[in-house]
Structures are given as structure tokens and as C-alpha cells.
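Quick note: numbers below take in every heavy atom, side chains included, and nothing from hydrogens, waters or symmetry partners. Each ligand, and each atom within it, is numbered from 1 in the order the structure gives.
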Amino acid sequence: MKIIGINGSPRGERSATLQLIAAVLEGAKEKGAEVDVVNLIDLDIRFRNACSACFQEGRCAEEDDFPKLYAKIKAADGLVLGSPVHIDQITGQMKLFIDRMADGIQCQAFTGKYGCSVSTSGDHAEQAVVGYLNHFLQMLGATPVGGVGVATGKDPDALARAKEDAHELGKTLAEAIRTRRQYPEVEAFHRRFQEKFKAVITGAKPEWPGDYERWVDQTWVW
Ligand SMILES: Cc1cc2nc3c(=O)[nH]c(=O)nc-3n(C[C@H](O)[C@H](O)[C@H](O)COP(=O)(O)O)c2cc1C
């Protein structure tokens, strides 16, 4: 079982958010997972120009670090997303990574995988970020199992307590992967989302043959 953490903080190794991600991964490791972590700030991930080569051919036209990272996370069973709050939302680094994964949403590329999200803030919006990151996981077809958000500026002990919660979250994530745990509300979301994209993909078959083939391969359209 492989679980990968993705840290969207530009502070990289000095990041408080990375401490939460590390705690999740430590909990998962105790339950038998093989873990790895990536600081997005260390990678060359560029803006794209909405060329839609990925929709047409199933591959990215940009030769930066994204294609390799995407292959790495697609080979994993679980994903831990983490971002600090920057101006009430995820960081630019995390948003850039997410926008590069639009094809992953259309292809529901993370169906059957699990994930969770963490966030730190000075004093607000950390829960909104956790909610957004988990929503993104659902959009990819994955199943989020929970999240931890903490405002570090309010209380000097808050981060230490949140790390304990994150450690438990890691165990939950690994157990969910091992037992293929079902979450009825997430299943319902996936059914609704799949209906929506089935119509999109079928309608765009001539323009997006790569994505259409993926749906046929999965027997989601025939
Ligand atoms: C550019 C920038 C914007 C920020 N915006 C917010 C904000 O809107 N709300 C908040 O509570 N904290 C905000 N913060 C504080 C960070 O969210 C907080 O320090 C966080 O724990 C940093 O995590 P990191 O060490 O993982 O980067 C901001 C920090 C920076 C650098």
C-alpha cells in the first residue's frame, strides 16, 4: 500500500503544514503503508495554456516535472493533500498542481483510491481549505476519509494537538484503503458526478478521443 503526501506550502521543509502531513504519513506507516512526501515548491510545475492535449491524447504537452509527479500519484493507493491558508484559500502552488489535473477529473483517474487533507492557518479559513481539498479528491473519483485543520496563531499548543489528530487520520486512511471502506455520501457524490461527466465525455467524443477511450475502457460508456 503506497501513500503520498503533497505539500503546497512555499516554505517547503520549514512548513507547519508539512508537519501535519508527516504526522498523517507516520500514522499510515504504523498501519503498514509505504509513504513518501513531495514539496511542490521543489518542483518545476508551470502554468499551462488550456491547450487540452491531455483531453485529446491523455498526456501533457508540457515537459516540466508535472507528468512524472502525476504518474507517481496515479501509482499510489492514497493521497494526503496539505496546504496552508494564503488569503483565505489554498496556495498558488497547490492551485497550479490542481489545475494541471483537470484531465484526472474528466477521466475519474483516482477511482478506487483514498485520500485526506490537512491545512494550517494563522487564525482562520483552515477548515475551508480542508473542505476544498477533500472536494477536489472526490472530483478525481477518490474517497476522502477526513481532514485536520488548525489555526496555529491562536494557541501555541494547537499544532501539537492537531498532529495527534493527523496521526490518527493516517491510521484511518490506511485502514480505509486496506478494507476498501465505503462512505455512502461519497458514493452518492461519485454517482452524480459520473452521470454529469458521462454526458460531457460522450458529447465531446470527437474532440477528446483520449478521454472517451478511457471511459470505454472502464465500461462507463459503451
Ligand atoms: C501570503 C500569505 C497569506 C496568508 N493568508 C492567511 C489568511 O488568509 N488567513 C490566515 O489565517 N493565515 C494566513 N497566512 C498564515 C499562514 O496560513 C500560516 O502561517 C500557516 O501556518 C503557514 O503554513 P506553512 O508553514 O505550512 O507555510 C498567510 C501567510 C502567507 C505567507
Side-chain angles (χ1 to χ4, degrees), residues 2-30 33-48 64-66 68-70 72-73 76 78-101 104 110 113-140 142 144-174:
K2 273 195 193 147
I3 301 180
I4 299 179
I6 307 281
N7 180 24
S9 168
R11 286 169 18 99
E13 290 297 325
R14 295 176 298 126
S15 152
T17 310
L18 181 62
Q19 293 184 41
L20 286 189
I21 295 171
V24 173
L25 295 178
E26 199 49 47
K29 210 169 151 186
E30 284 171 22
E34 192 185 314
V35 301
D36 197 2
V37 67
V38 174
N39 286 304
L40 292 176
I41 195 69
D42 294 338
L43 301 183
D44 172 24
I45 298 180
R46 300 180 202 146
F47 289 120
R48 285 297 300 142
D64 60 4
D65 289 334
F66 176 77
K68 206 168 153 202
L69 175 61
Y70 191 44
K72 181 181 172 113
I73 62 177
L79 209 52
V80 182
L81 299 180
S83 175
V85 175
H86 277 192
I87 323 295
D88 283 7
Q89 252 301 345
I90 58 172
T91 61
Q93 287 81 6
M94 181 56 84
K95 188 63 168 65
L96 187 48
F97 166 70
I98 286 175
D99 287 357
R100 292 289 294 272
M101 291 176 69
F110 285 66
K113 299 185 192 297
Y114 288 78
C116 65
S117 301
V118 298
S119 176
T120 66
S121 73
D123 62 12
H124 68 274
E126 67 285 349
Q127 299 303 339
V129 164
V130 167
Y132 176 72
L133 291 174
N134 274 341
H135 176 67
F136 168 62
L137 286 170
Q138 284 197 160
M139 288 170 82
L140 285 170
V145 304
V148 173
V150 60
T152 58
K154 283 180 183 163
D155 169 358
D157 300 326
L159 183 59
R161 282 199 306 273
K163 277 159 76 172
E164 287 172 21
D165 294 342
H167 188 260
E168 287 306 307
L169 180 60
K171 291 187 197 170
T172 303
L173 176 59

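- Sorted pairs that involve residues 8-30 and meet salt bridge (charged side-chain N to carboxylate O under 4.0 Å, His left out), not counting sequence neighbours, are lacking altogether.
- Using a 4.0 Å heavy-atom criterion, the residues that approach ligand 1 are Ser9, Arg11, Ser15, Ala16, Thr17, Pro84, Val85, His86, Ile87, Asp88, Thr120, Ser121, Gly122, Asp123, His124, Thr152.
- How far CE of Met139 is from CD1 of Ile98: 9.5 Å, rounded to the nearest 0.5 Å.
- Between Val80 and the options Val37, Leu20, Ile4, Leu173, a side chain to side chain contact (heavy atoms under 4.5 Å, CB included) holds for only Leu173.
- Here the side chain of Asn7 pairs no donor or acceptor atom with the backbone of Asn39 at under 3.5 angstrom.
- For the residue pair Ser119 and Glu126, no side-chain donor N or O sits within less than 3.5 Å of a side-chain acceptor on the partner.
- The distance from the CD1 atom of Ile90 to the OG atom of Ser9 is 13.0 Å, given to the nearest 0.5 Å.
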